[in-house]
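Here is the structure we will look at, set down as structure tokens.
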Amino acid sequence: MISGFALAVAAPWLSRIAGKHGGNLLAMLPAVLFAYFLGLVQPVTGAGPISEITRWVPTLGVDLSFRVDGLSLIFCLLITGVGTAVIAYTGAYLASHEQLGRLQAYLLAFMASMLGLVLSDNLLALFVFWELTAFTSYLLIGFKHHEDKSRGSALQAMLVNGLGGLCLLAGVILLSNIGGNTSIVALIGQADAIRAHPHYLAALLLVLMGAFTKSAQFPFHFWLPGAMAAPSPVSAYLHSATMVKAGVYLLARLSPVLGMTPEWVGIIAPIGALTMLIGAVMAFFLTDLKQILAYTTVSMLGALVMLVGINTQESMAAAMVLLIVHSLYKGTLFLVTGSVEHGAGTREIGELGGLRRAMPLTAAIASIAALSMAGVPPMLGFISKELWYESSLQLALGGIPLVAASVVANGLGFALAGVVAYGVFFGKPAHPDPHPHDPNFAMSAGPLLLAGLGLVAGLFPGLLIEPLTGAALTAMAFDASHYHLALWHGINPAFALSLLTFALGAALYTGRERVVANLGRLAGMGRYGPKRLYELSIQKSLAYARFQTNLLQSGYLRSYVMVVVLTSVVMVGLSVTWDKVQSIVVPALDVRLHEVLLAVVILGAALMMARIGASLAAVAALGVVGYGVALMFYLFSAPDLAMTQLSVETLSVILFVLVLRSLPEAKSLSSRSTRIRDALVAATAGGLMTLFLLIVLSEPFQSRLSGYFNENSAPLANGRNVVNVILVDYRAFDTMGEITVLAVAAIGVYALLKMRKGEGGSR
Amino acid sequence: MSLLLVLPVIIPLFTAILALLCWRHINVQRGIAVVGASCLMVAAVTLLLTISDRGIQCVQVSNWQAPFGITLVADLFGAVMVVLAATSLLAVTVYSLGSVGRALEAVGYYPLIHVMVAGICGAFLTGDVFNLYVCFEVTLVSSFVLMAMGGERQQIEGAIKYVTLNLMASAIFLAAIGLLYGVAGTLNMADLATVLANEPRQTLVNSIAMLFMVGFGIKAAVFPLFFWLPASYHTPNVAITTLFAALLTKVGVYALIRFFTLIFVGDTGLTHTVLLVLAGLTMITGVLGAVAQTEFRRLLSFHIISQIGYLLLGLGLLTHFSLAAVVYFMGHVIIAKTALLLLSGVTQRISGTSELKELGGFYKESPLLSVVFLVPALSLAGIPPLSGFWAKFAVVKASLEAEQYVMVVAALAVGLFTLYYMLNVWAEVFWKDRPVDHPVVAKAPLVMWGPMVAMGILTLGISFGVDPLFQLANRAAFQLIDRQEYIRAVLGGAL
Amino acid sequence: METILAIVIGGLYGTGLYLMMRRSMVKLVLGLALLAHAANLLIFVGGRLVRGVPPLVANGAIAPPDGSADPLPQALVLTAIVIGFGVQAFLLVLLKRGYTLMRTDDLDDMRTTET
Amino acid sequence: MNSLILSTATRLLLPLMLLYSVFLLIRGHNEPGGGFVGGLVAASAIALIKFSSGLERARAALRFDPITLVGTGLLFAFASGLLPLVAGMPFLTALWWDQKIPVLLKAGTPVLFDLGVYVLVVGVVLTMIFALSEE
């Protein structure tokens with residue numbers, strides 16, 4: 001099993017080489033995998049799940065533990081089976097496209113991720129594949145990347161899925177924290193504890209966000225029709241068998257862990273039902289074949305979610321069968337749409353009709369699929385619908401709205417099946433196109449196979465479907481030993497509902513044009529839907545982002561300085577407590593007159609600088625400050641410092657003068673109020689610094705280092721000037737850095753002055 | 001051993017000196033620079049392996065016992081940072097051969113980048129507060145010069161803001177050191193850790209801690225102190241921006257991590273709560289800033305800021321797991337970011353512009369470039385199984401475990417926005433057709449492609465090698481959270 | 001005397017910051033210079049003040065006289081002064097270059113990289 | 001600027017200043033002074049030539065490219081750090097020669113280090129002043 005998966009992961013690279021040799025060759029890979037999984041049906045249904053673990057990131061609790069049970073096997077078969085058809089189809093459909101190789105690669109990568117998703121027993125590994133499907137589908141949806149619309153749709157799909165993905169991530173982490181494990185099997189063992197945990201509801205909601213976005217549930221459904229920008233075979237793959245079913249898979253997979261609670265049923269089933277209705281109604285008003293299929297897909301996804309939400313053995317069985325049915329007929333119909341577009345050049349139902357004569361094979365395929373979609377016996381679709389009604393009817397009073405919604409949605413589905421098959425292929429040729437024709441073998445084989453399977457499975461449900469769904473039920477912790485599947489259930493309430501559905505469907509089909517014309521005006525309401533919300537939220541976030549960024553990053557250095565100063569004041573101020581301020585001890589004023597005078601001169605010179613601003617006089621004042629500080633150093637036992645400060649100050653004054661002579665006298669640029677405001681801020685900062693220093697100075701102080709320096713300088717370090725010894729010996733490393741700074745500054749001065757304009761050439 | 005610890009500082013310094021002495025011979029300088037960067041790489045990796053083998057090591061420069069001399073200490077975190085610095089330097093040096101041009105090379109480009117990295121490595125290894133200041137200044141001054149080097153108007157404007165705000169940071173940092181010495185009477189970090197552990201005057205220490213936080217916060221580009229970064233990072237040559245983006249802010253973050261795991265852990269209720277708040281705000285403002293950009297490198301500049309937020313978040317939580325997440329995150333973000341910036345240089349070279357609107361068509365023209373973009377970009381957006389996912393996953397998990405739900409929401413939302421603008425860049429630069437009025441103007445030389453592809457591959461490497469790397473991060477985090485090993489290594493039984 | 005110097009230091013910080021919030025590039029540089037002075041003095045004072053006993057060992061003696069000034073802050077300040085000088089020299093040339101390029105000293109005119 | 005008095009004075013002052021700068025360098029280890037201040041004095045001596053006799057003369061008097069001096073100074077200081085590595089000691093460990101050399105009191109790597117600082121400072125200051133005067 002591992003080998004099969006490894007091959008699939010390697011597929012993108014293989015396909016790049018083989019890409020030019022046509023799609024059929026590449027379709028071999030999923031075909032082989034399909035056969036492989038088919039071979040697993042017997043062992044899995046007989047002997048139980050097969051699992052295999054490879055350690056991956058044990059540090060973070062992520063392992064590649066693959067597990068094949070009934071549930072995953074159904075998905076695997078669908079993924080590889082439909083995958084085979086789609087990949088073969090694509091090779092022919094886009095035969096002359098220069099990026100065909102890439103598309104095939106993405107398809108295979110997508111398939112591999114999907115397989116990984118359904119096979120993983122480790123929640124986190126599952127999440128990894130979950131996101132991978134999202135991203136590979138992004139690449140697929142944006143395949144026609146030169147079109148704005150494609151890029152927009154791809155982004156939209158990715159963002160909606162990304163949102164869900166992030167919630168799911170949080171949910172997954174939360175779940176594994178609660179359960180103390182990342183293995184789903186292990187979590188099932190802890191299910192009771194998890195359901196009783198205070199974080200249960202949060203975890204459930206987060207997981208549901210993931211599932212609902214992926215499976216296009218209301219109000220996240222809009223990305224799915226948008227994703228129709230992709231080429232038809234891609235749509236067929238993503239929206240029939242794979243991508244969108246991942247959410248359903250996740251719910252089914254986690255139902256033994258999170259399910260069986262009022263919250264589960266109460267949240268999931270209504271949302272599923274609502275989605276089902278909305279999808280069906282919207283589809284009814286559309287005229288583009290692909291869009292119709294997209295919305296019916298939304299509708300069926302809603303149905304699936306609803307059934308999983310009901311969470312009884314019957315509903316789960318119904319969901320499994322519906323899942324298979326839907327994948328088969330919807331995959332077929334998308335591919336057929338591709339063929340129609342390929343042959344007739346349009347997808348508008350108004351411009352299509354009577355294609356039966358030109359495309360007999362396609363017409364036949366479409367009819368079979370449509371019958372299954374309509375749920376007519378002896379198709380598998382009929383069985384699924386029966387099961388569905390049965391399970392809904394089992395619910396008590398609360399089930400009535402669900403049953404009603406189901407009937408309406410199915411009725412609409414019936415009518416739409418008529419639209420896509422009967423309306424297009426039978427009836428009068430609406431728009432005689434020059435060359436409608438049946439596509440070649442590669443393009444027909446796939447849909448034919450899928451449609452055929454639906455028929456065969458309906459006639460012999462016990463052959464494959466029954467053991468599979470049975471095993472899936474076992475995987476979902478139901479006792480499936482008495483489980484049985486049959487085409488004919490006898491005359492019961494479910495059958496009556498089926499008949500009602502047919503009647504409603506037929507009525508809707510015949511009356512469709514009138515209904516659409518009358519209610520068409522309401523279709524404009526779609527503008528206010530969640531899609532609009534998505535667009536608005538993107539727009540508003542962008543606008544806000546620009547606004548805030550322009551506000552903060554205004555380009556005014558002085559406001560940056562101001563913010564930095566205020567931040568420092570606030571942060572330091574936060575921590576300076578009042579009792580500390582009170583504890584300041586002002587030592588007995590041990591001062592000498594000349595020292596005080598010096599201090600006054602320094603301060604005075606500085607204040608003068610603030611008043612006179614930018615001129616040579618200000619530089620002179622700066623010099624006074626510098627020399628004053630040097631003198632202060634000298635007075636307080638630091639002759640080395642004084643000497644250095646003196647020479648450095650002289651040198652900087654010279655440099656200042658050298659530079660300033662080429663500059664004009666500065667004017668006062670700010671208004672008086674600004675100056676006052678700035679002065680207040682600056683004074684606060686300065687005052688805080690004084691306060692802070694005073695607090696520190698009030699404490700007793702003992703250097704832990706200086707005694708050692710004093711004792712050892714002369715005997716051990718051969719120097720009597722302790723400061724110099726520190727500089728060239730104890731802390732010579734600092735001095736090394738210091739002279740490096742000087743060297744760099746010299747290079748900098750040189751570089752800036754030698755560089756001529758236009759030589760930078762960086763932009 | 002004593003040699004191995006100083007090598008990360010003296011190799012680039014020596015390289016710089018040699019290059020300086022060959023001032024007029026640019027080709028010789030190029031050779032020296034590449035050889036020097038390679039040697040540093042070897043030394044850094046050896047150091048990391050040694051530390052991983054033997055635990056925290058230290059050396060007393062000038063051979064005076066701690067805390068009297070200056071101690072260089074290498075723990076796993078420091079050693080990892082040194083390796084990352086060496087990696088970026090090597091990539092950027094090679095890239096520079098093709099991207100920088102004679103004009104810059106003639107005024108000391110190579111010595112400067114090596115001096116800068118010497119300062120950075122010094123900062124990662126030093127165990128002395130004042131020496132950290134000196135290393136910061138070495139780094140800073142060389143970055144000033146590099147920033148302004150082209151002498152164009154834009155660069156001068158950017159440089160003025162950059163220089164001003166960073167000098168404020170230095171002044172604050174310096175003042176904080178003065179006050180700290182005035183309270184504790186020592187400069188050695190391990191010594192400070194022991195002294196302050198017994199310090200009764202906690203509120204005073206808190207205030208000093210805040211001062212350090214502001215100083216480092218400016219350097220780390222934390223909200224609301226980050227203005228210098230978006231104002232300047234897009235102005236110099238791409239090679240320079242890349243080196244800055246990879247390392248400069250990370251030195252600030254490193255210092256924050258070092259100080260707030262080793263020295264200031266007495267009152268985490270205040271300091272680390274403030275860090276958490278800053279982390280959240282930094283993430284969000286950064287990501288919103290990036291969303292608003294229409295130019296490649298400016299977008300990436302804001303992106304840096306939002307990523308700093310994640311790093312701070314891990315620090316603020318101050319759990320063993322969150323620190324491990326930070327260490328891994330650091331490696332991820334430096335590598336992926338370098339790859340992406342180098343790529344922005346290649347697209348700019350080919351198209352002659354870096355405005356997203358004026359770029360396009362690369363998906364069709366260059367599948368290789370597309371892959372090299374997607375890997376780091378998606379990684380930074382946190383798409384599994386790339387490195388950024390593991391990093392984000394670990395941070396989110398740590399926040400959930402610490403019950404910091406607001407932070408979880410912020411981190412996840414920021415991830416979504418990141419995804420949004422990364423995909424936007426993808427759509428604009430790659431998927432969209434090349435605008436007719438902005439044709440291809442030049443070819444990018446092989447020396448530019450090489451490092452870019454190599455960094456892309458490295459991103460894949462850290463993505464798939466996540467397990468051993470995260471184990472390493474785990475051990476590094478243990479050393480950070482259990483301060484005793486560090487203190488013992490420095491103060492007890494030193495070399 | 002420490003108290004008075006603490007006030008001087010606060011004053012230097014205040015005026016330095018005030019100058020930095022002006023629109024003129026020259027004032028900015030002057031302000032930064034004041035900030036550097038303030039920080040240096042702060043470290044110096046933080047090590048406490050001693051009058052007239054520099055940390056020098058007399059010829060033949062083993063250690064400096066008792067009560068001599070703390071040598072470490074002096075060494076730190078010395079390093080800081082030199083570093084500050086290097087930075088300031090570069091800053092001045094940056095200012096000069098900026099003026100030659102833009103013909104203005106007004107920082108509010110330097111927003112082309114951000115708008 | 002080319003006044004006779006200034007250039008004559010310079011010619012007289014130059015050796016004195018250089019001597020004084022070396023004196024400062026040497027005594028630095030025991031009394032106030034040191035490489036940094038010494039270097040500044042030496043640099044101002046050369047700068048004086050520049051102001052009295054012009055840039056070319058100053059360059060000629062210096063003989064070396066100031067940038068090279070910067071590199072050399074760094075190299076000296078650096079070498080004083082590397083020497084102990086050869087002896088198996090940590091970087092920058094002070095090593096002292098046993099014999100006292102007259103005048104220099106004692107010779108050791110810290111002296112070499114200080115000498116490096118001296119040369120570097122001369123280089124740095126002159127690089128700046130020369131570059132500024134060439135504008």
Side-chain angles (χ1 to χ4, degrees), chain A residues 553 555 557-558 561-562 565 586 591 595 599 602-603 606 609-610 613-614 618 622 625 629 636-639 641 644-645 648 652 655 659 663 666 669 678-679 682-683 685-687 689-690 693-694 697 701 703 705-706 709-711 714 720-723 726-727 734 738 741-742 745 748-749 752, chain C residues 1-4 6-15 17-21 23-24 26-27 30 33-34 37 41 48-57 62-64 69-72 74-75 77-79 81-83 85-86 88-90 92-93 96-97 99 105-108 111 114-115:
Chain A
Q553 200 71 34
L557 180 57
R558 55 201 167 91
V561 172
M562 170 91 87
V565 172
V586 179
V591 289
E595 291 167 2
I602 294 177
L603 206 52
M609 283 170 68
L622 180 65
V625 174
V629 171
F636 290 97
S637 320
L641 270 187
T644 312
Q645 172 75 44
V648 162
S652 6
L655 288 182
V659 168
L663 264 63
L669 295 165
D678 293 351
M689 216 55 203
T690 301
L693 184 56
L694 284 176
L697 289 172
F701 171 70
S703 172
L705 311 177
S706 296
F709 295 145
N710 285 337
E711 281 161 27
R720 289 184 287 108
N721 179 354
V722 183
V723 174
I726 294 178
L727 287 175
D734 279 349
E738 166 204 316
V741 168
L742 277 186
V749 169
L752 268 183
Chain C
M1 191 58 205
E2 275 98 341
T3 316
I4 293 176
I7 294 167
V8 172
I9 291 167
L12 289 178
Y13 269 112
T15 40
L17 291 173
Y18 174 79
L19 278 170
M20 288 177 70
M21 285 184 254
R23 281 166 64 179
S24 148
V26 181
K27 290 185 194 175
L30 289 170
L34 282 184
H37 281 312
L41 262 183
R48 309 304 194 268
L49 299 175
V50 171
R51 283 196 188 83
V53 197
L56 294 170
V57 184
I62 290 182
D70 188 345
L72 186 59
Q74 296 193 13
V77 173
L78 218 150
T79 308
I81 291 176
V82 177
I83 290 178
F85 164 71
Q88 196 178 60
F90 174 71
L92 275 169
V93 175
K96 185 180 164 72
R97 175 85 195 184
Y99 182 76
D105 167 55
D106 187 350
L107 288 164
D108 282 12
R111 296 167 58 225
E114 290 168 80
T115 44

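Not measured: the values here are computed from a predicted model. Chain letters run A, B, ... following the sequence lines, proteins first, then strands; residues in each count from 1.
- For the atom pair A:L697 CG and C:T3 OG1, the distance stands at 7.5 Å (nearest 0.5 Å).
- Counting heavy-atom pairs closer than 4.5 Å to chain C, the top-ranked of the candidates A:A599, A:A685, A:A745, A:S706 is A:S706.
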Full working for side chain to side chain contact (heavy atoms under 4.5 Å, CB included) between C:L34 and A:M609: CA-CA 10 Å; C:L34 282 184; A:M609 283 170 68; 3.9 Å; yes
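- One distance of note links OG1 of A:T644 with CG of C:L78; it measures 4.0 Å at 0.5 Å rounding.
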Test log, rule side chain to side chain contact (heavy atoms under 4.5 Å, CB included), inputs A:R558 and C:D108: CA-CA 8 Å; A:R558 55 201 167 91; C:D108 282 12; 2.5 Å; yes
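- The CD1 atom of C:I4 sits 12.5 Å away from the OG1 atom of A:T690 when rounded to the nearest 0.5 Å.
- Side-chain contact check for C:L12 versus A:I602: some heavy-atom pair is nearer than 4.5 Å.
- Using a 4.5 Å cut-off between heavy atoms, A:F701 touches chain C through backbone and side chain atoms alike.
- Interface remark: A:V722 contributes backbone and side-chain atoms alike to the contact with chain C (heavy atom separation under 4.5 Å).
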Worked verdict on A:L742 versus C:F85 for side chain to side chain contact (heavy atoms under 4.5 Å, CB included): CA-CA 8 Å; A:L742 277 186; C:F85 164 71; 3.8 Å; yes
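- Residue A:A610 comes nearest to C:T15 through the heavy atom pair CB-CG2, 4.1 Å, listed as atom of the first residue, atom of the second, then distance.
- The main-chain N or O of C:V50 is found under 3.5 Å from a side-chain atom of A:S637 such that the two form a donor-acceptor pair.
- Minimum heavy-atom separation, A:S652 to C:L92: O-CD1, 4.5 Å.
- Taken to the nearest 0.5 Å, the CD atom of A:Q645 stands 5.5 Å off from the NE2 atom of C:H37.
- Looking at A:E711, only its backbone comes within 4.5 Å of chain C, counting heavy atoms on both sides.
- Top candidate by heavy-atom pairs under 4.5 Å with chain A, chosen from C:P64, C:G86, C:A63, is C:P64.
- Between chain A and the residues C:L17, C:V82, C:I9, the largest count of heavy-atom pairs under 4.5 Å involves C:V82.
- Interface summary for chain C: among A:D734, A:V659, A:V565, A:V741, the most heavy-atom pairs under 4.5 angstrom belong to A:V659.
- In terms of heavy-atom pairs under 4.5 Å with chain A, the best-connected choice from C:G11, C:A75, C:A69 is C:A75.
- If you measure heavy-atom distances from A:L557 to chain C, the contacts under 4.5 Å come from the side chain alone.
- Residue contact with chain A, scored on non-hydrogen atoms closer than 4.5 Å, involves the side chain of C:R48 exclusively.
- Here the straight-line distance linking atom CG of A:L693 with atom CD1 of C:I7 works out to 10.5 Å at 0.5 Å rounding.
- For the pair C:Y13 and A:G686, the tightest heavy-atom approach, listed with the atom from each and the gap, is CB-CA, 4.2 Å.
- Contacts between C:Q74 and chain A at a heavy-atom distance below 4.5 Å involve backbone atoms as well as side-chain atoms.
- Contact count against chain A (heavy-atom pairs under 4.5 Å) is highest for C:T79 among C:V53, C:T79, C:L41.
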Verdict with supporting geometry, C:F90 and A:L752, side chain to side chain contact (heavy atoms under 4.5 Å, CB included): CA-CA 9 Å; C:F90 174 71; A:L752 268 183; 3.6 Å; yes
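- When the candidates A:L727, A:D678, A:V629, A:L603 are compared by the number of heavy-atom contacts under 4.5 Å with chain C, A:D678 comes out ahead.
- Contact of A:V749 with chain C is made through backbone and side chain together, with heavy-atom distances under 4.5 Å.
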